[in-house]
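Every value quoted in this text rests on a predicted model; they were computed, and no experiment measured them. One-based numbering, in listed order, for ligands and for the atoms of each. Reckoned from all heavy atoms, side chains included, excluding hydrogens, waters and symmetry mates.
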Amino acid sequence: MQIDEIKRKVKGDLGKEILFYKTTDSTNSIALKLAEENREGLVILSDSQEKGRGRLGRPWISPPGVNIYMSIVLKPVAKPGDATLITLMTAVACAIALRKITRLDIRIKWPNDLMVSDKKLGGILTELKVYQEKIVFAVVGIGINVNVDTKLLPEEIRQIATSVRNETGQGYSREDIVAEVLCQMHRWYSAFKRMDRETILSGWRSLTSTLGREVVVTAGQETCKGFAEAIDEEGRLLLRLPSGEVKKISSGDIGIPE
Ligand code: BTN
């Protein structure tokens, strides 16, 4: 990857400093180690990951030369409860950047999966250091399947995942996508710093494929079916159960009922 090219294209404060690795265990792990003594906006990029991490303790398949694995260090003045908003704003920034470059109809599946044609194109993992009820730093990890040929992925992943190349039939510059994601992140993070919740939530609502339909939510051992009505100001999913009761869900996986 051409880091100078990315730096030239980036507007804003995020990504002025980028560290690039040929391989790492996980860019989030490196960012968590370096966040303390570095400034906000530090970006860790890697060509591949040996132990890429996904949400809910899952692995993130990270082959070399084809995809984007990056982590951004943020140091907002915020409370741990605002972490969901950080993740939602990152999903909005990534979706807008990818829509602009690829023209694909990218949608966000609650809370932060980047989807196209009901298959997953990318994901976000936010990890925090918290001290005395304040965020010391947040590491926002972004994985995007860009040029991977999904035929080469394991069967169980192939059924649920896709890549930009798979959807468009052409290869894309990872540098262009990283630079655009960082530009959009600068814009949406500014809204976060102003605590402009409504801008972020309405941006998210306009891009989601989750609301206004029947869904199945799996959270730990529990599964519930219902109507995905809205998200609240903290980004929780409001699920109307068949009983009429509305359940607030902070994390989980969304599926479509059979
Ligand atoms: C998800 O499960 O949807 C989140 C996936 C996040 C993957 C990215 S790749 C870069 C960063 N480093 C990691 O180990 N994970 C995140």
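The pair R58-D253 meets the salt-bridge criterion, since a charged nitrogen lies less than 4.0 angstrom from a carboxylate oxygen. Contact check on E180 versus K11 returns no salt bridge, with no Lys/Arg side-chain nitrogen under 4.0 Å from an Asp/Glu carboxylate oxygen. A salt bridge links R205 with E198: the closest approach of a Lys/Arg side-chain nitrogen to an acidic carboxylate oxygen falls below 4.0 angstrom. R53 and E127 are joined by a salt bridge, as a carboxylate oxygen and a charged side-chain nitrogen come within less than 4.0 angstrom of each other.
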Go through D118 and R107 one step at a time and tell me if the salt bridge (Lys or Arg N to Asp or Glu O under 4.0 Å) criterion holds.
CA-CA 9 Å; D118 274 334; R107 299 263 146 200; over 6 Å; no
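Ligand 1 lies under 4.0 Å from heavy atoms of S26, T27, N28, Q49, G52, R53, G54, R55, W60, Y69, M70, S71, D113, K120, G123, I124, L125, G141, I142, G143.
Chaining together hydrophobic side chains whose heavy atoms lie under 4.5 Å apart places V148 alongside I61, V66, L153, I157.
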